[in-house]
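Below is one structure; the comments refer to it alone.
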There are 2 protein chains.
Amino acid sequence: MPDFAEPLARLIIEFKRLPGIGQKSAQRIAFHVLRGSRDDAARLAQAVLDVKDKLSLCAVCNNVSDGEMCPFCLDPGRDASVICVVEEPHNIMPVETTRQYQGLYHVLHGAISPLRGVGPDQLRIKSLLERLEGSPVKEIILATNPTVEGEATAAYLARLLKPLGLKVTRIAMGIPVGSDLDFADEVTMTKSLENRREL
Amino acid sequence: MPDFAEPLARLIIEFKRLPGIGQKSAQRIAFHVLRGSRDDAARLAQAVLDVKDKLSLCAVCNNVSDGEMCPFCLDPGRDASVICVVEEPHNIMPVETTRQYQGLYHVLHGAISPLRGVGPDQLRIKSLLERLEGSPVKEIILATNPTVEGEATAAYLARLLKPLGLKVTRIAMGIPVGSDLDFADEVTMTKSLENRREL
């Protein structure tokens, strides 16, 4: 059976490598690019390359940045006394969308995972400690994911940071707002009970 | 609120332009590209450009091709007495996956749609008629989509081709009406080919 022409088959394979895109979606997208203009294709290709060529990590917080420092670290309006620690650069967005947080960030680029061979040394923890020296930081919010790896990372950082006399906090885990108690899994419900606050 | 760095924001916008990709998927894919190697990004970018630069339409059947003629038209093993007419190049794949069809194809690049201002002249119908002159073709299978536009196109082609003394058939309505050829499973598609009716 003759297959798609080689460049088309190759583009389908490349799209399939991307997360959340299967065979049918990859075909659909590839034919969309094929039908579209040469300019549209060139813009997409250039954007893919630029994200590798024009971006680096912020020298302070390791967030993705197109300059020496990221927009958060450069912004004098942000509260330099609080640092929110996240696993990945994209974890910053959900915190920002709350519009409640005005502090700075620190991106670890991963979480401790013995199964995947990721230990504390593979994470950007040393740069966090260096950053704290002589800084006005009073509180560290640990916003790693509510997973086994994220929890292990938060526990490790808490042990490391508390002796420095800092306030170390962890984001609350519980039942999502607007959800129903019936849909909560046992672990979440347990966390929700443990983290109960007096009213 | 500071946004993503410019190249990252631009890549997210470009991915969002693709069919079936929303904001969250686009972010996820963009960060995947960012985390991946420069080589992976370069391969994706090159594949996007090559699909525009290295592909053209088969001189015979208008299928997408990386040469003067497509693999189907070049294959001497295919039955040149039957032509299966489809709307788009990607509609060939579901027919091929049945492994029941050994004939050739003709791609119309669309369907008659008065609402969108697409008439018979905008489709590759003239090249189909030219192709039939002095050819060994005995049967034309109309495999346009089971939609209003596809049905109208099939009816139009039947009126045009039957006076030429050809057997003109339509794939059976085993495929749910209002759906798309690409979503048909192999068994349904096979039934659809077997049950084709003469018009």
Side-chain angles (χ1 to χ4, degrees), chain A residues 1-8 10-15 17-21 24-25 27-38 40-56 63-67 70-72 74-75 78 88-90 92-93 96-97 99 109, chain B residues 1-8 10-15 17-21 25 27-38 40-55 63-67 70-72 74-75 78 88-90 92-93 96-97 99 109 182-183:
Chain A
M1 183 179 90
D3 211 339
F4 290 120
E6 190 277 331
L8 193 57
R10 180 153 46 87
L11 184 58
I12 292 169
I13 288 169
E14 289 299 329
F15 278 134
R17 284 192 215 277
L18 302 176
I21 296 186
K24 293 247 162 149
S25 299
Q27 281 183 27
R28 195 169 156 216
I29 297 168
F31 274 103
H32 175 90
V33 172
L34 178 65
R35 272 196 307 272
S37 72
R38 176 70 172 68
D40 283 348
R43 263 207 313 276
L44 172 58
Q46 195 58 54
V48 167
L49 292 177
D50 284 353
V51 96
K52 294 303 297 179
D53 294 339
K54 296 196 177 166
L55 289 180
S56 54
N63 183 20
V64 169
S65 174
D66 53 355
C70 80
F72 299 103
L74 284 172
D75 186 351
R78 305 288 299 202
E88 300 289 348
H90 52 88
I92 290 176
M93 196 47 56
E96 281 299 297
T97 49
R99 296 172 182 273
H109 288 273
Chain B
M1 184 178 92
D3 210 339
F4 291 119
E6 190 276 333
L8 193 56
R10 181 153 45 87
L11 184 59
I12 291 169
I13 288 168
E14 289 299 329
F15 279 135
R17 285 190 215 277
L18 302 176
I21 297 186
S25 298
Q27 280 182 28
R28 195 169 156 217
I29 296 169
F31 274 104
H32 175 91
V33 172
L34 178 65
R35 271 197 309 271
S37 72
R38 176 67 171 72
D40 283 346
R43 264 207 313 277
L44 172 59
Q46 196 58 52
V48 167
L49 292 177
D50 284 353
V51 96
K52 293 304 295 178
D53 294 339
K54 297 195 176 166
L55 288 180
N63 182 21
V64 168
S65 175
D66 53 356
C70 81
F72 298 103
L74 283 173
D75 186 350
R78 305 288 299 201
E88 299 288 349
H90 53 88
I92 290 176
M93 195 46 58
E96 282 297 299
T97 49
R99 297 172 183 272
H109 287 274
D182 285 357
F183 299 129

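Only this structure's heavy atoms are used, side chains among them; waters, hydrogens and symmetry mates stay out. Labels below follow one simple rule: chain letters A, B, ... track the order of the sequence lines, proteins then strands, and each chain is numbered from 1.
Neither the backbone nor the side chain of B:Ser25 comes within less than 4.5 Å of any heavy atom of chain A. Of the atoms belonging to B:His32, it is side-chain heavy atoms, and not backbone ones, that fall under 4.5 Å from chain A. For a residue to count as touching a neighbouring chain, one of its non-hydrogen atoms must lie under 4.5 Å from one of that chain's; by this rule A:Asp53 touches chain B with the side chain only. B:Ile21 touches chain A through its side chain: at least one heavy atom from C-beta onward sits under 4.5 Å away, while N, CA, C and O do not.
A:Lys52 places a side-chain N or O within donor-acceptor distance of the main-chain N or O of B:Leu34, the cut-off being under 3.5 Å.
Annotation: the span from A:Ile92 atom CD1 to B:Phe4 atom CZ amounts to 8.5 Å, rounded to 0.5 Å. Considering CG of B:Leu44 and CG of A:Leu44, their distance stands at 6.5 Å, rounded to 0.5 Å. Note that CD of B:Gln27 and CE of A:Met93 are 6.5 Å apart. Values are rounded to the nearest 0.5 Å. Taking CZ of A:Arg38 as the start and CG of B:Leu49 as the end, the distance is 5.0 Å to the nearest 0.5 Å. B:Arg35 contributes atom CZ, which lies 10.0 Å from atom NE2 of A:His109 (distance to the nearest 0.5 angstrom). The CZ atom of B:Arg10 lies 7.0 Å from the CD atom of A:Gln46; values are rounded to the nearest 0.5 Å.
For the options B:Ala30, B:Gly36, B:Ser65, heavy-atom pairs under 4.5 Å to chain A are most numerous at B:Gly36. In terms of heavy-atom pairs under 4.5 Å with chain A, the best-connected choice from B:Pro7, B:Gly20, B:Ser37 is B:Pro7.
The two residues B:Ala41 and A:Val48 come nearest to each other via the heavy atoms O-CG1, 3.3 Å. Contact record, A:Ala5 with B:Leu55: CB-CD2, 3.5 Å, taken as the closest heavy-atom pair.
Residues that satisfy the salt bridge (Lys or Arg N to Asp or Glu O under 4.0 Å) test with B:Glu14, not counting sequence neighbours, are A:Arg43, B:Arg17. Evaluation of the salt bridge (Lys or Arg N to Asp or Glu O under 4.0 Å) rule for A:Lys54 yields A:Asp50 as partners, not counting sequence neighbours.
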Please determine whether side-chain contact (heavy atoms from CB on, under 4.5 Å) holds for the pair A:Val33 and B:Leu18, giving the CA-CA distance in whole Å, both sets of side-chain angles, and the decisive distance to 0.1 Å. CA-CA 8 Å; A:Val33 172; B:Leu18 302 176; 4.1 Å; yes

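Contact of the A:Val51 side chain with the B:Phe31 side chain is not registered, since no non-hydrogen atoms from C-beta on lie closer than 4.5 Å.
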